[in-house]
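Beneath this line is the structure, given in structure tokens, with notes to follow.
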Amino acid sequence: MTRIRCNGRKRSALPSQPGLPDSRVRSQRYTDPFANVRIGPPYSAAGPYDLDMRRTIFTEDHELFRQSVRTFIEREVTPNFERWDRDGIVDRELFTSAGAAGFLAMDAPEAFGGGGVEDFRYNAIISEEFAYSGAAPAGIGITLHNDVCLPYFLSLTTHEQKQRWLPGICSGELITAIAMTEPGIGSDLASMSTSALRDGDDYVVNGAKTFITNGINADLVIVALKTDPKERHKGMSLLVIERGTPGFERGRNLEKVGLHAQDTAELFFTDARVPVANLLGGEGMGFLHLVENLPQERLSIAVGAVAAARQALRWTLEYTHERTAFGQPVAAFQNSRFVLAECATEIEIAEVFLDRCIEALNANELTVEEAAMAKWWTTELQKRVVDSCVQLHGGYGYMLEYPIARAYLDTRIQTIYGGTTEIMKEIIGRSLRP
Ligand SMILES: Cc1cc2nc3c(=O)[nH]c(=O)nc-3n(C[C@H](O)[C@H](O)[C@H](O)COP(=O)(O)OP(=O)(O)OC[C@H]3O[C@@H](n4cnc5c(N)ncnc54)[C@H](O)[C@@H]3O)c2cc1C
């Protein structure tokens with residue numbers, strides 16, 4: 001297997017749902033087969049349904065961090081989530097309050113306002129807590145900023161660029177995005193047509209990008225483009241294009257099937273003059289820089305996928321123990337138990353692999369192929385689990401007032417963005433040799 005390492009840096013119930021089933025439910029004549037086991041997040045007080053295996057990757061410091069993130073989400077996210085969901089975008093203040101609380105750029109140097117700790121476990125905790133809170137779409141902008149964009153700003157910037165951009169990225173005053181996809185190309189990145197032609201100390205940029213996460217809120221967009229349009233991979237470079245650059249316009253905030261609180265936009269560049277000083281990494285090295293950084297993006301999506309699947313299972317356990325049919329809880333039917341058992345088993349297995357990948361990333365050992373495995377398998381798992389959970393909710397699973405219905409809408413994109421399942425299998429398949 002080719003061992004291309006990731007980004008080359010060294011690292012050391014939705015509240016509206018009722019809580020766990022109460023004693024009234026457990027005292028029904030049905031004997032609960034899960035009565036003595038627990039299913040719930042690792043930090044939860046031992047409830048009756050917590051089946052989680054103990055995760056060995058987290059220390060006490062991580063658990064304290066988890067508690068702080070959870071409190072932050074309860075105070076800053078949950079009360080605003082419905083409004084953001086309606087508006088199709090989170091307030092910019094979410095980023096500055098996350099920055100002030102220490103939840104942005106944990107791995108940026110302290111000198112620039114970062115946390116100074118290179119440890120992806122902290123990133124994973126933020127993503128997991130957003131999923132467990134039921135407000136996952138509101139967290140996507142932050143995880144994109146931390147997990148996906150920041151590594152480019154840490155590993156590819158000059159000292160001058162670091163001084164210019166990192167303080168704002170750490171404080172949340174500069175929101176980031178990355179723009180690779182164009183209306184005509186997504187998977188086939190080397191065919192992109194947005195161009196940046198050198199003119200004195202500037203590049204003149206022309207083209208369009210689409211489906212860009214944080215596209216409306218972003219102040220700094222890492223744009224993948226062609227500095228040599230005659231070439232494919234070798235012609236690609238990364239340029240940071242800043243809010244307010246003449247010739248840089250945003251299109252609509254796109255209407256999506258799910259992830260409604262997340263802004264996703266089109267970007268247009270018409271003779272936009274961008275200083276050569278905004279080049280990220282080497283000219284013509286853009287594709288290589290993407291290859292080095294995409295594994296962390298894919299692992300980040302995998303973390304969200306496993307956490308979302310776990311939360312879907314948790315909502316469904318609650319629901320099926322409360323809902324009765326034919327005089328017994330829905331959870332008492334053997335089919336329900338089998339479906340729930342299959343979901344619980346696959347989530348546990350996925351999480352073990354995921355934790356191993358997080359350790360590998362921290363040790364700078366995660367390969368492109370391993371990240372691809374994590375991405376496709378966990379997101380396909382999330383789709384299966386959420387679909388099964390909707391089925392166990394019956395008609396209520398189709399009602400948007402139930403979090404499982406929203407989860408169903410939010411899940412569908414997971415196997416598409418960050419590289420489709422098919423492209424992940426291509427990456428893995430090509431590396432397999434006898
Ligand atoms: C909500 C959302 C957020 C997004 N955020 C961002 C972002 O922040 N930045 C960004 O740059 N992009 C973003 N994207 C774009 C996303 O990454 C692309 O949609 C994705 O990579 C697929 O590209 P495409 O849509 O052009 O599909 P295509 O590449 O046209 O693929 C269409 C189908 O063909 C299949 N296919 C393509 N090539 C092959 C092949 N070689 N073998 C087998 N099958 C193949 C694909 O798997 C897919 O099923 C986002 C998309 C969405 C919907």
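Note that ligands are numbered from 1 as they come in the structure, with each ligand's atoms numbered from 1 the same way. Position 1 is the first residue of the sequence, and the numbers go up from there.
The 12-atom threshold is exceeded at CZ of Arg83, counting heavy atoms of other residues, nucleotides or ligands nearer than 6.0 Å.
A side-chain donor from one of Thr194 and Glu182 sits under 3.5 Å from a side-chain acceptor of the other.
Between Phe269 and Val221 there is no side-chain heavy-atom pair separated by less than 4.5 Å. Side-chain atoms of Val240 and Tyr152, non-hydrogen and from C-beta on, never get closer than 4.5 Å to each other.
For a heavy-atom separation below 4.0 Å, the residues in contact with ligand 1 are Ile178, Ala179, Met180, Thr181, Ile185, Gly186, Ser187, Phe211, Ile212, Thr213, Lys256, Ile413, Ile416, Tyr417, Gly418, Thr420, Glu422, Ile423.
A salt bridge (charged side-chain N to carboxylate O under 4.0 Å, His left out) check over residues 193-203, counting only residues at least two apart or in different chains, returns the pairs Asp199-Arg273, Asp202-Arg273.
Cation-pi contact between Arg66 and Phe58: present, with separation from the ring centre below 6.0 Å and deviation from the ring axis of at most 45°.
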